[in-house]
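Remember, it's 1-based here, ligands and their atoms both numbered in the order they're listed.
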Amino acid sequence: MYVVQIASECAPVIKAGGLGDVVYGLSRELEIRGNCVELILPKYDCMRYDHIWGLHDAYRDLWVPWYGGRIHCSVYCGWVHGRVCFFIEPHSQDNFFNRGCYYGCDDDNMRFAFFSKAALEFLLQSNKRPDVIHCHDWQTGLIPVMLYEIYKYHGMGNQRVCYTIHNFKHQGIAGTEVLQATELNRAEYYFQYDKLKDNFNPFAINLMKGGIVYSNAVTTVSPNHAWEAHYTEVGSGLGHTLDLHQDKFSGILNGIDYDFWNPEVDRYIPFNYTPDDFEQKVYNKKALRERLLLRDEPQKPVIAYIGRLDNQKGVHLVHHAIYYALQREAQFVLLGSATEPGINAHFRHEKNFLNDNPDCHLELGFNEELSHLIYAGADMILVPSNYEPCGLTQTIGMKYGTVPIVRGVGGLVNTVFDRDYDPNKPPEERNGYVFYQTDYSALESAMDRAIGLWYNYPQEFRQLALQGMAYDYSWNHPGTEYLEIYDRIRHK
Ligand SMILES: Nc1ncnc2c1ncn2[C@@H]1O[C@H](COP(=O)(O)OP(=O)(O)O[C@H]2O[C@H](CO)[C@@H](O)[C@H](O)[C@H]2O)[C@@H](O)[C@H]1O
């Protein structure tokens, strides 16, 4: 099968969070199974060019219709760790992708509407006719809309779209100018509740809603989150739309790429290890302590948090966990970046305040290499999210024998099974700690149980870590599930 993935991220060349991991990992899995996979991405100025091999001009004169005129683009091709990627570079005063950042600009709606349009034009003009176009999140929500309203009539009538939602919070709420710019026009046609009109703001269109309405299949990134999005406020106002389209909506648990996230082969950690020589993990912990200038107290556990610092991630609990860990004779390592100024200022203040504490290190910023050492060196990983469509840090943590302590929401429910209370798994298949409420005592009780096991029953703690390592959260199962969906929509 010929699959084209269109997305705003692909790890490690463009990665702001988990979306990048998924786009890369799924593409690799599909290719290993004999499918032809290509990716279309924006050519950002700030992406990691050191992860692209053989970047060259692939299509010099791509003219993209925009506001009744045309914008000249170049398309570059290169290999990102074996995946064929096309990068679109527009030459216009808007400088859509030369902003020193991936997201967070006032005109993000326009930037990604343009990218979506350009990606379809590239397919059309270069005569690429994939069986399936797989697009991701609000940034590419207009792709199925334009495919079925415009490009279908220009020779792209056989293409089918699978649309995956990684985060319902960001939907691309836009004004009519997006319709004019992309030449969809006909505002009165799209401003209908069964089309793109936002379910709550009567003056806005919703790009993610467009993706749901027009795609042939819609997925989110875990079965539990699919249920939450459909039936609870976690769908951020799209529950009704999902209800209308429930026949094509499902949840597929994300995998992780075990070529990249695997302590056995990880290039970024000083000591590789497997479940059979699990003792080696302790040397990574020592290396982590040295790197972050933490005091070397072998008996203390290291608890880690890795992730974006925003309200989704339960930052108030992350903050509380730091002090609770210190109080309970544990060490704490945080690697995170905040885009919201208030949260950023808060953690900068904490960092200064805790700067001289030998049991704690807060690293504010994005650092892929350091994240590997933390997964390998920590003993526990905390994921106290308010909501979490899937979550990757707990599954990556488990692969590295790092015990997850998570809040029981979204995909965390599908991946972490409480050592003491899980009703469905026998004790030998449990792999972490789960709490449910958002208050401090809920968090403390889960941390307390984990730290208690570490200090009082070290052999059992070790066993719990090994049980986590035994889980298969690779792309193996999800790869099959996506291919089944592709097959189904292809024959419609
Ligand atoms: N400061 C930092 N430095 C280095 N690495 C960092 C980092 N902050 C985060 N990362 C890395 O980024 C990834 C984050 O994964 P998450 O599952 O938390 O994704 P996120 O919430 O961004 O994305 C959304 O999409 C993903 C994918 O579908 C869903 O799992 C998730 O629930 C949903 O919110 C991990 O690989 C982590 O190691």
Per [atom], closest listed option by heavy atom ([options]):
atom                    : options                        : result
atom 6 (C) of ligand 1  : Trp261, Tyr387, Tyr375, Phe366 : Phe366
atom 8 (N) of ligand 1  : Ser385, Gly307, Gly336, Gly18  : Gly307
atom 36 (O) of ligand 1 : Leu19, Ile256, Asp21           : Asp21

Does the gap between the ring centers of [X] and [Y] come in under 6.0 Å?
X      : Y      : value
Tyr44  : Tyr102 : yes
Trp475 : Tyr258 : no
His134 : Tyr482 : yes
His81  : Trp53  : no
Tyr473 : His477 : no

Scan side-chain atoms only and decide if [X] and [Y] contain a donor-acceptor pair under the 3.5 Å cut-off.
X      : Y      : value
Thr415 : Gln394 : yes
His372 : Asp266 : yes
His320 : Glu444 : yes

CA sep, side-chain torsions, deciding dist, call: Phe168, His225, ring-ring contact (aromatic ring centres under 6.0 Å, His included): CA-CA 10 Å; Phe168 280 91; His225 191 61; 5.7 Å; yes
Using a strict cut-off of 4.0 Å, indicate which atoms of ligand 1 neighbour a heavy atom of [X].
X      : value
Val221 : 28 (O)
Val22  : 27 (C), 28 (O)
Gln312 : 21 (O), 34 (O)
Gly391 : 17 (O), 29 (C), 30 (O), 31 (C), 32 (O)
Glu388 : 21 (O), 31 (C), 32 (O), 33 (C), 34 (O)
Arg308 : 8 (N), 20 (P), 21 (O), 22 (O), 34 (O)

[atom]: the protein heavy-atom neighbour that sits closest, reported with distance to 0.1 Å:
atom                    : answer
atom 1 (N) of ligand 1  : Gly365 O, 2.8 Å
atom 3 (N) of ligand 1  : Asn367 N, 3.0 Å
atom 18 (O) of ligand 1 : Lys313 NZ, 2.9 Å
atom 12 (O) of ligand 1 : Lys15 CE, 3.4 Å
atom 17 (O) of ligand 1 : Leu392 N, 2.8 Å
atom 27 (C) of ligand 1 : Asn254 ND2, 3.3 Å

[X] to ligand 1, any heavy atom closer than 4.0 Å:
X      : value
Gly410 : no
His225 : no
Glu363 : no

salt_bridge(Lys281, Asp379) N-O dist < 4.0 Å: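 Judged by the 4.0 Å cut-off on N to carboxylate O distance, Lys281 and Asp379 do not form a salt bridge.
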Taking distance alone, with N or O pairs closer than 3.5 Å, would you say [X] contacts ligand 1?
X      : result
His166 : yes
Ile306 : no
Ala16  : no
Ile396 : no

Geometric cation-pi criterion, Lys425 with Phe417: 6.0 Å, 45°: yes
Lys399 side chain vs Met469 backbone, donor-acceptor pair below 3.5 Å: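 No; judged by distance alone, with no hydrogens or angles, the pair does not exist.
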Expected output: side-chain Tyr436 to main-chain Ala442 donor-acceptor under 3.5 Å: no
